[in-house]
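I have placed the structure first, in the form of C-alpha cells, so that the comments after it can refer back to it.
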2 protein chains.
Amino acid sequence: MDIRQRLGRNLRRLRTERGWSQEEFADRAGIHRTYVSDIERGARNPTITVVEKLATPLGTTVSALLS
Amino acid sequence: MDIRQRLGRNLRRLRTERGWSQEEFADRAGIHRTYVSDIERGARNPTITVVEKLATPLGTTVSALLS
DNA sequence: CTGTGACTTTTAGTCCGTC
DNA sequence: AGACGGACTAAAAGTCACA
C-alpha cells in the first residue's frame, strides 16, 4: 500500500482513539486543519518534519505513523 | 537530534556499508546525485515518498532510515 | 567522489470558504 | 464533525556548473 495511505490510516486511527476532532488535533500539532484532513485521506505527501509534528501530540513515533 | 540529521546519518551509513558512491546510489534510487548529498548532510527536508525511494535500493524501511 | 550556491518548476502547506 | 475547492505563499523537487 502507498505510504501516504498508510500514514493517513494510522493518523486517523490514533487521532480518533484519543477522541479528538481533526481541528482539535491540528491545533495540538501546530498544523492547519485542512491539511490534517488531506493527510488522513492520503491526498498529500508531507515532509518528514510534518510527520514528526503529527507524532508528538499523539505520543507516538514517526515510525509508527509510517508503518 | 533533528530528524533530518538522523535520516542523513542513517542513509550515509547504509550506503557506505554497501560500498556505493553517492552517484551509484542515486542512480539506483532514481534520485539526483546532488540531492543525495544534500540529504546526507541534513540540508534537506524531504517528503515521505522521497524517503521511500531511498529505502528501496537499500533493502531497508522508511522507519529504519528515520529512527 | 562529494559539497555547495544558484536556479526553475513543482508541490507542500495555509487560509478563506461551502456543502 | 469532516470533505473538498480556490487562491495564495513558502518550501521541496530536481538540475547544473564548479570547487
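The side-chain hydrogen bond (donor to acceptor under 3.5 Å, both in side chains) contacts involving residues 58-67 of chain B comprise nothing, where partners must be two or more places apart or lie in separate chains. The salt bridge (Lys or Arg N to Asp or Glu O under 4.0 Å) contacts involving residues 33-43 of chain A comprise A:Arg12-A:Glu40, A:Arg15-A:Glu40, A:Asp38-A:Arg41, A:Asp38-A:Arg44, where partners must be two or more places apart or lie in separate chains. Screening residues 18-27 of chain B for salt bridge (Lys or Arg N to Asp or Glu O under 4.0 Å) gives B:Glu24-B:Arg28 as the qualifying pairs, with residues at least two apart or on separate chains.
Expressed to the nearest 0.5 Å, how far OG of B:Ser37 lies from CG of B:Leu11 amounts to 10.5 Å. Atom CZ of A:Phe25 is separated from atom OG1 of A:Thr16 by 11.0 Å, given to the nearest 0.5 angstrom.
Listed here is the closest heavy atom pair of B:Ile3 and A:Ile48: CD1-O, 3.8 Å.
As rounded to whole Å, 12 Å separates atom P of D:dA1 from atom CG of A:Asp27. Note: CZ (A:Arg41) to P (D:dA1) measures 17 Å, nearest angstrom. In this structure, B:Asn45 places its CG atom 14 Å from P of D:dG14, rounding to the nearest Å.
Rotation axes derived from the C1' atoms of the five outermost pairs at either end of the helix from C:dT2-D:dA19 to C:dC19-D:dG2 lie 50° apart, to the nearest 10°.
Remark: A:Arg6 CZ is packed, more than 12 non-hydrogen atoms of other residues, nucleotides or ligands lying under 6.0 Å away.
Shown here are the salt bridge (Lys or Arg N to Asp or Glu O under 4.0 Å) partners of A:Asp2, two or more places apart in sequence or in another chain: A:Arg4.
Taking a 4.0 Å limit (strictly below) on heavy-atom distances, residues 58-67 of chain A does not reach DNA chain D anywhere. Contacts between residues 32-40 of chain A and DNA chain C, defined by a heavy-atom separation below 4.0 Å, involve A:His32, A:Arg33, A:Thr34, A:Tyr35, listed by number. Less than 4.0 Å separates DNA chain D from at least one heavy atom of each of the following residues of residues 2-20 of chain A: A:Arg12, A:Arg15.
A residue-by-residue look at B:Thr49 and B:Gln22 shows that B:Gln22 has its nearest nucleotide of DNA chain C further toward the 5' end. If A:Ser21 and B:Lys53 are placed on DNA chain D by their nearest nucleotide, the residue sitting closer to the 5' end is A:Ser21.
Put simply, the side chain of A:Leu66 does not reach to within 4.5 Å of the side chain of A:Asn10, judged on heavy atoms.
First and last contacting nucleotides of DNA chain C toward chain B (any atom under 4.0 angstrom from a heavy atom, 5' to 3' order): C:dC1 to C:dA12.
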Intermediate values then yes/no, side-chain contact (heavy atoms from CB on, under 4.5 Å), B:Arg9 and B:Arg13: CA-CA 6 Å; B:Arg9 291 190 185 207; B:Arg13 176 173 42 80; over 6 Å; no
Give every donor-acceptor pair under 3.5 Å between a side-chain atom in residues 49-59 of chain B and any protein atom, sequence neighbours left out.
residue : atom : partner : partner atom : Å
B:Thr49 : OG1  : A:Asn45 : OD1          : 3.3
B:Thr49 : OG1  : A:Asn45 : ND2          : 2.7
B:Thr49 : OG1  : B:Thr47 : OG1          : 3.2
B:Thr56 : OG1  : B:Glu52 : O            : 3.0

